[in-house]
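So that the names make sense, note that chain A is the first sequence line, chain B the second, and so on, each numbered from 1.
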Protein chains: 2
Amino acid sequence: MASSNAPKRPATILDIAAEAKVSKSTVSLVLQGSDLIRDETAARVLEAAQKLGYVYNRGAAELRGKSSKTIGVVINDLMNPFFAEVLVGLERRLVDTGYTVFMAHTSENLERQDRVLQTMREHGAAGIALCPVLGSPASLPQTIRAWGIPLVVMVRPLGGGTYDFAGSDDTEGVKLATRHLVGAGHRRIAFLGGRPGPIFDRRVQGYRDGLREAALAFDKRLVFASNPTRKDAYERLGDILAVEPRVTAAVCYNDVVAFGALAALGERGLRAGSDFAVMGFDNVLDSAHSNPPLSTIDVRPSELGEHAAQVLLARIEDPSGPSRHYLAEPCLVQRVSG
Amino acid sequence: MASSNAPKRPATILDIAAEAKVSKSTVSLVLQGSDLIRDETAARVLEAAQKLGYVYNRGAAELRGKSSKTIGVVINDLMNPFFAEVLVGLERRLVDTGYTVFMAHTSENLERQDRVLQTMREHGAAGIALCPVLGSPASLPQTIRAWGIPLVVMVRPLGGGTYDFAGSDDTEGVKLATRHLVGAGHRRIAFLGGRPGPIFDRRVQGYRDGLREAALAFDKRLVFASNPTRKDAYERLGDILAVEPRVTAAVCYNDVVAFGALAALGERGLRAGSDFAVMGFDNVLDSAHSNPPLSTIDVRPSELGEHAAQVLLARIEDPSGPSRHYLAEPCLVQRVSG
DNA sequence: CTGAAAGCGCTTACAG
DNA sequence: CTGAAAGCGCTTACAG
């Protein structure tokens with residue numbers, strides 16, 4: 001952080017060249033760490049740069065070099081800790097490889113998503129990692145590919161077309177959760193939370209699969225959609241308890257929904273686990289210390305982010321290769337809620 | 001999102017100029033929305049741009065224009081929903097005014113913070129919003145000012161020196177929480193969680209103030225530090241219960257810590273609120289639907305983010321004005337935990 | 001191993 | 001109201 005002293009006119013490579021008595025190409029080369037320059041010369045250049053308080057101008061470098069070391073990531077719901085964990089994993093992996101990440105939050109708003117994507121394009125992003133908002137057009141990956149920008153779609157698949165993707169096996173995961181509840185003796189199990197869309201459909205499918213496996217009938221009155229927020233899930237579980245008193249367990253759309261369910265249960269003096277079972281999905285960090293600790297499906301969110309970064313980096317390396325996918329294999333982690 | 005068709009060589013203003021039969025200066029002007037250009041001409045230019053699938057190159061514009069419309073924000077702990085909410089508020093306000101935000105996460109790591117700050121500098125950020133990591137040097141604001149980059153420090157004050165700041169009144173907030181507990185009849189109240197540092201010290205001060213107000217003795221064995229995570233707070237409350245059985249209430253460093261406390265209580269079959277009181281701090285969205293709902297000190301996190309943006313924007317407008325501060329006035333919100 | 005030259009895509013005085 | 005020209009700070013062939 002040591003800045004000698006704020007120069008009036010910021011120093012450029014030309015100033016360094018003058019100071020070090022070399023040409024500016026030489027300066028540029030040593031700044032890039034090229035080994036074309038003799039060590040002694042390089043040392044002199046670096047010293048001059050230091051002395052002048054030189055700051056590398058990445059903008060100029062990118063303009064000329066055509067390269068760009070920035071990656072845009074767009075997140076649809078940062079309020080959900082799952083996405084925050086994905087983001088942290090992604091970012092860690094990316095900055096370790098010298099990229100700088102450029103984040104934007106869409107709040108599940110399609111128009112906003114279009115805007116931020118456009119901005120990233122104008123900034124010449126080297127790649128984009130996207131958690132698409134609900135209702136994104138299936139053609140979005142092709143559109144971005146047409147822009148010539150490498151893309152990885154995260155978490156929420158977009159119908160049709162091929163594109164790089166990092167997410168989890170939703171159907172299998174929820175099947176695991178359902179099977180677990182059935183194994184514990186539950187017979188009337190609700191599916192709670194989430195809004196219809198690609199993830200929701202896959203997870204409900206897992207729920208149906210789990211039920212069928214045990215020869216239990218699927219009753220669509222037992223799937224209760226809601227916004228995937230604590231508040232809405234909390235209210236929805238209240239409905240279930242009132243309307244379907246024979247339900248003894250719920251597999252939840254995700255951990256946030258499950259947390260809402262825990263709150264609704266607690267309010268009624270019900271103990272999650274013994275009085276009513278609830279299963280989450282994601283295994284967000286918080287789920288290990290909720291009240292009570294949440295039984296859930298682990299998809300290792302921050303690892304998922306790292307894999308997404310990996311996939312994107314691979315695509316940047318090889319723009320035309322076949323599409324790559326990372327699907328986290330879900331694992332059941334049993335704690336006390338179910 | 002309608003891109004006509006991917007051009008081989010991306011179109012530049014020069015191509016547009018040729019297509020529209022004007023000079024490139026004219027194109028530049030209409031792209032900037034200048035009213036120096038006749039409407040008819042402007043329309044022709046825009047049409048040509050559209051036709052050629054033109055994409056504005058912000059990098060080039062910033063290099064030449066010296067302006068930069070990007071703001072860097074560095075967050076120390078995204079895993080804490082408080083910061084996520086602050087970030088969302090900040091980002092919303094910023095993109096509404098045409099800035100693009102550039103996020104980096106430091107994981108409370110000083111070295112990483114230095115790195116990302118440096119990167120933002122090299123990218124020519126128009127401003128920086130910083131939640132400093134614990135242990136940041138007090139001189140950091142001056143350093144960044146010497147770089148010529150407008151700065152707003154968020155949440156965690158840095159000792160000494162003047163700089164723009166957006167945060168909350170920590171001492172007053174915790175005093176409110178403590179007073180509330182005292183009013184409810186508690187006499188042995190612990191302070192739980194957090195690591196020594198500027199925020200911690202201020203909050204413990206509020207705890208002492210609240211105690212003194214009621215003529216209760218401050219007992220330093222009743223302040224239990226911990227990492228501000230659910231897990232550590234959970235474990236720490238276990239310690240308290242074992243070592244100080246006469247403690248009947250805890251004012252927590254923040255909501256995350258309080259959530260950990262709720263988990264520890266629940267595990268022991270204790271009901272937060274009636275068996276043991278816990279007060280949070282922040283009023284994170286989740287606190288309204290925890291189990292049980294958390295009584296806490298509201299500092300309106302996302303509003304805090306918006307105000308931070310405001311302060312930064314004002315500083316960008318007026319680089320040399322006196323320093324600005326936003327201190328959220330804390331309000332007690334009583335739910336069930338205390 | 002190093003230098004001279006061209007140019008990335010834009011903006012901004014300066015003329016007219 | 002529009003055009004010709006210079007230049008932002010860098011990188012990259014091309015020579016030597």
_Parallel, tilted or perpendicular, judged at 30° and 60°: which one describes the rings of A:H307 and A:Y326?_
parallel
*Decide yes or no for B:S302 and B:V86: does some side-chain heavy atom of the first lie under 4.5 Å from some side-chain heavy atom of the second?*
no
*Can you sort out the partners of A:S25 under side-chain contact (heavy atoms from CB on, under 4.5 Å), two or more places apart, ordered by chain and number?*
A:S23
_Nucleic acid footprint by protein, nucleotides 6-16 of chain C - heavy-atom cut-off 4.0 Å, B for base, S for sugar-phosphate alone_ = BBBBBBB----
*Which of residues 33-41 of chain B have a heavy atom under 4.0 Å from DNA chain D?*
B:L36, B:I37, B:R38, B:T41
*Do the side-chain N or O atoms of A:S23 get closer than 4.0 angstrom to the phosphate oxygens (OP1, OP2) of C:dG3?*
yes
*Decide side-chain contact (heavy atoms from CB on, under 4.5 Å) for A:T12 and A:N57; before the verdict, give the C-alpha distance in whole Å, the side-chain angles of both, and the deciding distance to 0.1 Å.*
CA-CA 8 Å; A:T12 71; A:N57 184 328; over 6 Å; no
*asked:* Go through it in stages, so that I can follow the logic: the residues are B:E62 and A:R58, the test is salt bridge (charged side-chain N to carboxylate O under 4.0 Å, His left out), and I'd like the CA-CA distance, side-chain angles, deciding distance and then a yes or no.
replied: CA-CA 11 Å; B:E62 291 181 358; A:R58 287 193 190 282; over 6 Å; no
*A:E40: partners by side-chain contact (heavy atoms from CB on, under 4.5 Å), with sequence neighbours left out*: A:R38, A:R44
*Can you name the nearest heavy-atom pair linking A:A125 to A:S68, along with the distance?*
C-OG, 3.9 Å
*Sole residue of B:E85, B:E306, B:E303 in salt bridge (Lys or Arg N to Asp or Glu O under 4.0 Å) with B:R92*: B:E306
*side-chain contact (heavy atoms from CB on, under 4.5 Å) with B:I149: which residues, sequence neighbours excluded?*
B:R121, B:I128, B:I144, B:W147
_Any side-chain heavy-atom pair of B:M103 and A:L87 under 4.5 Å_ = yes
*Mind pulling the stems DNA chain C is in, i.e. runs of at least three Watson-Crick or G-U pairs, everything under 3.5 Å?*
C:1-3 with D:14-16, C:5-12 with D:5-12, C:14-16 with D:1-3
*Whole Å only: how far is the CD1 atom of A:I16 from the P atom of C:dG3?*
14 Å
